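Take a look at the structure set out below.
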Amino acid sequence: AAYASGTPAFGVGAGNVAGIVDETADVDLAAERVVRSKTFDNATSCSSENSLVIVEAARAAMLAALQVRGAVMLDGAQKATLQALMWPEGKLSAAVIGKSAKEIAQRAAAQDAQGREAWLAIAEGDPRILMVAEDGVGHDHPFSGEKLSPVLAIYTARDFGDAAAIVARIYAYEGAGHSVGLHSARPERALALGL
């Protein structure tokens, strides 16, 4: 509507915020902030992280810090089940939008006969976030887009430059114009992302 009014306007694409965690980050503080953001209103806010791009040197510590706070990393089979639940016909399903991680795990259990017990165990652990490892971007990788749920795509980057490039690819697919989260002890990196 703003563009159609004839008045100049700034706009952004679909909400699909990505965050970067570099090798200098305080991973406990970063994990606390990500979990707070990702669980607020079951991640329906357009400012909630949808992807976390972690520099390889910080990956193990960051994932451990997230797991201590209730985030659960899914395996490949669970990721496939979750993808089928979330995008049954290529479009994000209302079955997951605004639902808790526990409720999503319960719905996945109902859909996955082979993995049912593992999903129920996840649900019984009262997860706060479901995490999936991702390495691609675009329609063939729907976890690279907006999820409107406490599901977080985890990317691994070689270094800060690679992390910034991954975020650029994610935003070129979905989320152009949005801000980027940065967990770093190097303020010049925030300036670099603003260019």
Side-chain angles (χ1 to χ4, degrees), residues 14-19 21 27-54 56 58-156 170 174-175 181 183:
N16 191 31
V17 171
V21 179
V27 294
D28 288 316
L29 183 59
E32 186 62 36
R33 288 174 173 169
V34 169
V35 169
R36 253 191 274 152
S37 169
K38 198 66 182 151
T39 57
F40 172 74
D41 208 15
N42 287 327
T44 54
S45 166
C46 68
S47 62
S48 176
E49 290 88 351
N50 276 279
S51 298
L52 202 57
V53 184
I54 308 172
E56 194 168 17
R59 186 179 195 277
M62 184 63 188
L63 290 180
L66 287 165
Q67 289 167 338
V68 164
R69 289 161 177 81
V72 176
M73 179 62 83
L74 303 181
D75 65 24
Q78 291 165 337
K79 178 183 175 183
T81 297
L82 184 59
Q83 181 172 323
L85 174 67
M86 292 181 71
W87 294 277
E89 296 174 10
K91 187 174 180 180
L92 187 59
S93 171
V96 297
I97 293 173
K99 304 297 188 274
S100 70
K102 180 175 184 169
E103 188 172 350
I104 293 169
Q106 290 168 333
R107 289 176 185 225
Q111 188 170 303
D112 183 4
Q114 274 191 315
R116 184 174 191 277
E117 293 305 316
W119 279 110
L120 289 175
I122 290 170
E124 287 168 12
D126 203 18
R128 299 182 74 197
I129 297 173
L130 301 176
M131 301 185 295
V132 296
E134 186 56 85
D135 59 9
V137 175
H139 293 288
D140 293 335
H141 304 274
F143 288 104
S144 66
E146 186 171 32
K147 293 169 274 301
L148 295 171
S149 60
V151 174
L152 183 63
I154 302 292
Y155 290 82
T156 304
I170 292 169
E174 190 173 287
H183 303 275

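All values derive from a computational prediction rather than experimental measurement.
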Show the numbers, then the answer: is there a side-chain contact (heavy atoms from CB on, under 4.5 Å) between I122 and L74? CA-CA 9 Å; I122 290 170; L74 303 181; 3.8 Å; yes
Candidate pair V151 and V96, rule side-chain contact (heavy atoms from CB on, under 4.5 Å), full reasoning: CA-CA 10 Å; V151 174; V96 297; over 6 Å; no
Could you walk me through whether V34 and V21 pass side-chain contact (heavy atoms from CB on, under 4.5 Å), step by step? CA-CA 10 Å; V34 169; V21 179; 5.6 Å; no
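For the salt bridge (charged side-chain N to carboxylate O under 4.0 Å, His left out) test, no residue two or more places apart in sequence or in another chain qualifies with R33. Residues passing the ring pair (Phe, Tyr, Trp, His ring centres under 6.0 Å) test with H139 are Y173, sequence neighbours excluded. For the salt bridge (charged side-chain N to carboxylate O under 4.0 Å, His left out) test, no residue two or more places apart in sequence or in another chain qualifies with D135. With sequence neighbours excluded, the residues that form a ring pair (Phe, Tyr, Trp, His ring centres under 6.0 Å) with F143 are W87. By the side chain to side chain donor-acceptor pair (under 3.5 Å) test, D140 pairs with no residue at all, sequence neighbours left out. Residues satisfying the side chain to side chain donor-acceptor pair (under 3.5 Å) test with E124, not counting sequence neighbours, are none. Legend: residues meeting side chain to side chain donor-acceptor pair (under 3.5 Å) with T44, ordered by chain and number and at least two apart, are D41.
Separating the CD1 atom in I154 from the CD1 atom in I54 is a distance of 4.5 Å, to the nearest 0.5 Å. Distance check: L152 CG to M73 CE gives 8.5 Å after rounding to the nearest 0.5 Å.
For the salt bridge (Lys or Arg N to Asp or Glu O under 4.0 Å) condition, the pairs that include at least one residue of residues 92-113, sequence neighbours left out, are E103-R107. Applying the salt bridge (Lys or Arg N to Asp or Glu O under 4.0 Å) test to pairs two or more places apart or on separate chains, those with a residue in residues 78-90 are K79-E134. Residue pairs meeting the ring pair (Phe, Tyr, Trp, His ring centres under 6.0 Å) criterion with at least one member in residues 93-122: none, sequence neighbours excluded. A ring pair (Phe, Tyr, Trp, His ring centres under 6.0 Å) check over residues 88-115, counting only residues at least two apart or in different chains, returns nothing. Applying the salt bridge (Lys or Arg N to Asp or Glu O under 4.0 Å) test to pairs two or more places apart or on separate chains, none has a residue in residues 113-122.
Residues L63 and M131 meet the side-chain proximity criterion, which asks for heavy atoms closer than 4.5 Å. Counting heavy atoms from C-beta outward, M62 and L66 have side chains that approach closer than 4.5 Å. Between K38 and N50 there is a side-chain heavy-atom pair separated by less than 4.5 Å. Looking at heavy atoms from C-beta onward, F40 lies out of side-chain contact with S48 at the 4.5 angstrom threshold.
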